[in-house]
Peer 1: 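Before I ask anything, let me first share the structure, which is written out below as structure tokens.
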Amino acid sequence: MPRVFLIDTDTASDDAVALIMALKAPDVHVAAITVVAGNVGVDQACRNALYTAELCGSNVPVFSGAQSPLSRPLEDASWFHGLDGMGDHGYPLPKRSVEPLHASDAIIQTAEANPGLTMVTLGPLTNLALALQRKPDLGNLVGRCVVMGGAPCCEGNVTPAAEFNIWCDPEAAHIVMRGGLPLELVGWQLCRGTAALDLTDIEQVKALGTRLGHFAIECNSTAQKAYLEQTGEHGISLPDPVAMAIALNPDVCTGSSTHHVDVETRCTLTRGMTIVDRLGVSANPRNRLIWKDLIQRPPNVKVCWTLDVPGWKKILYQALSQ
Ligand code: RIB
Ligand code: CA
């Protein structure tokens with residue numbers, strides 16, 4: 001019996017590689033791809049998702065969603081991924097169009113039709129927050145919700161405090177963190193250093209000699225340059241594929257723990273910061289003086305702290321070799 005996935009994405013170059021990994025996984029049925037504004041506008045992200053599905057020979061239904069964050073203007077990441085989000089290589093328009101249903105409704109309908117499914121979010125959490133507002137008990141229908149996002153107890157990539165997906169729509173992330181979903185947080189810190197594709201890895205993918213392998217490297221050409229400027233590190237960082245690898249094989253996350261996690265929404269300096277109560281201070285009555293609004297803040301998120309780097313890359317290569 002295949003595992004059922006729903007993927008919510010702001011489809012740009014790393015999202016596209018993650019979509020390939022899911023669409024090419026032999027034991028997974030991707031029931032829906034829901035699209036949200038983030039890296040690029042939602043219409044461009046839909047085109048990117050449809051084109052990627054086409055490359056995989058998939059007719060997975062694609063649903064367009066939020067055109068902007070819940071209560072802020074969209075601030076995209078085309079500076080990192082390219083104006084079209086895919087390295088500006090002039091890929092052709094997809095043959096298919098999106099489905100008529102709004103993405104947030106598609107999330108609800110897909111969960112109702114496939115209780116116990118795995119959700120994987122690869123972009124800002126706007127669509128999922130809208131779905132939770134319409135169906136507060138959505139979490140009861142979800143087996144796992146793997147979220148690419150956050151910078152747990154470490155530096156961000158869009159500000160010193162925050163990672164892009166959470167920063168882009170912090171109000172949505174705040175709603176999702178409190179929404180009762182079985183959340184697994186895959187932070188940007190896991191996707192740097194050896195977890196990124198280094199120049200040898202890139203040549204290994206090219207040597208696969210497949211259309212998907214060539215596309216995966218080509219569409220990340222702008223991201224590769226931006227990553228060097230941003231971090232001084234050479235290679236292609238692939239946050240969404242790392243999160244997808246964990247969704248496909250939970251053992252790829254080699255160390256995790258569950259804590260109360262919330263998101264800063266009020267301050268400019270720390271907008272989108274993922275606050276992880278790693279020491280459990282918010283639940284300890286002795287801190288009553290510190291936490292004036294002390295309420296029991298139960299652990300709500302499984303935070304991934306360490307990654308099986310060879311394991312994640314093996315899943316990537318298996319998908320791109322097809
Ligand atoms: O911070 C990395 C995340 O932001 C990835 O999902 C990337 O695609 C962008 O959405
Ligand atoms: Ca993304």
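Index from 1, following the sequence. Ligands are counted one by one from 1 in listed order, and the atoms in each one are counted from 1 as well. The model shown is predicted, which means the values in this text are computed figures rather than measured ones.
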Peer 1: Any side-chain donor paired with an acceptor under 3.5 Å for T9 and D15?
Peer 2: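 There is such a pair (donor and acceptor under 3.5 Å, judged by atom type) between the side chains of T9 and D15.
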
Peer 1: If the condition is side chain to side chain donor-acceptor pair (under 3.5 Å), which residues does Q189 pass it with, not counting sequence neighbours?
Peer 2: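 Testing Q189 for side chain to side chain donor-acceptor pair (under 3.5 Å), a comparison that skips the adjacent residues, returns none.
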
Peer 1: T159 and W167: side-chain donor and acceptor closer than 3.5 Å?
Peer 2: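 No, because no side-chain N or O of T159 sits under 3.5 Å from a partner of the opposite role on W167.
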
Peer 1: Could you see which bit of V158 sits under 4.0 Å from ligand 1, with heavy atoms only: side chain, backbone, both or neither?
Peer 2: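 It is neither part, as no heavy atom is under 4.0 Å.
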
Peer 1: Please check: side-chain N/O of T121 versus main-chain N/O of G123, any donor-acceptor pairing under 3.5 Å?
Peer 2: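 Absent.
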
Peer 1: Could you check atom 6 (O) of ligand 1 against the protein and tell me its nearest heavy-atom contact, residue, atom and distance included?
Peer 2: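 Residue, atom and distance for the closest contact: D240 OD1, 2.6 Å.
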
Peer 1: Any idea which atoms of ligand 1 are less than 4.0 Å away from a heavy-atom of E163?
Peer 2: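 Checking each atom against E163, I get 1 (O), 2 (C), 3 (C), 4 (O).
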
Peer 1: Quick one: which ligand 1 atoms are inside 4.0 Å of a heavy atom on D14?
Peer 2: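 Going through ligand 1 atom by atom, the ones under 4.0 Å from D14 are 5 (C), 6 (O), 7 (C), 8 (O).
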
Peer 1: Hey, is ligand 1 close enough to W188 that some N/O pair sits below 3.5 Å?
Peer 2: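 Min N/O separation from ligand 1 is not below 3.5 Å for W188.
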
Peer 1: Is it the case that the side chains of D8 and T34 hold a donor-acceptor pair, with the cut-off being a distance below 3.5 Å and no angle test?
Peer 2: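 Present: a donor and an acceptor within the cut-off.
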
Peer 1: May I ask you to check whether P239 has an N/O atom sitting below 3.5 Å from an N/O atom of ligand 1?
Peer 2: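 No; the residue has no nitrogen or oxygen that sits under 3.5 Å from a nitrogen or oxygen of the ligand.
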
Peer 1: Quick check for you: within a radius under 3.0 Å, how many protein N, O or S atoms neighbour the Ca ion (ligand 2)?
Peer 2: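 That number is 5, waters not included.
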
Peer 1: Looking only at side chains, do Y91 and E54 share a donor and an acceptor under 3.5 Å apart?
Peer 2: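 Looking only at side-chain atoms, E54 and Y91 do not form any donor-acceptor pair under 3.5 Å.
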
Peer 1: Heavy-atom distances under 4.0 Å decide this one: backbone, side chain, both or neither, for D10 against ligand 1?
Peer 2: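 Under 4.0 Å from ligand 1, D10 contributes side-chain atoms alone.
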
Peer 1: Using a 4.0 Å cutoff against the non-hydrogen atoms of D15, which atoms of ligand 1 qualify?
Peer 2: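 Heavy-atom distances to D15 below 4.0 Å select 8 (O).
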
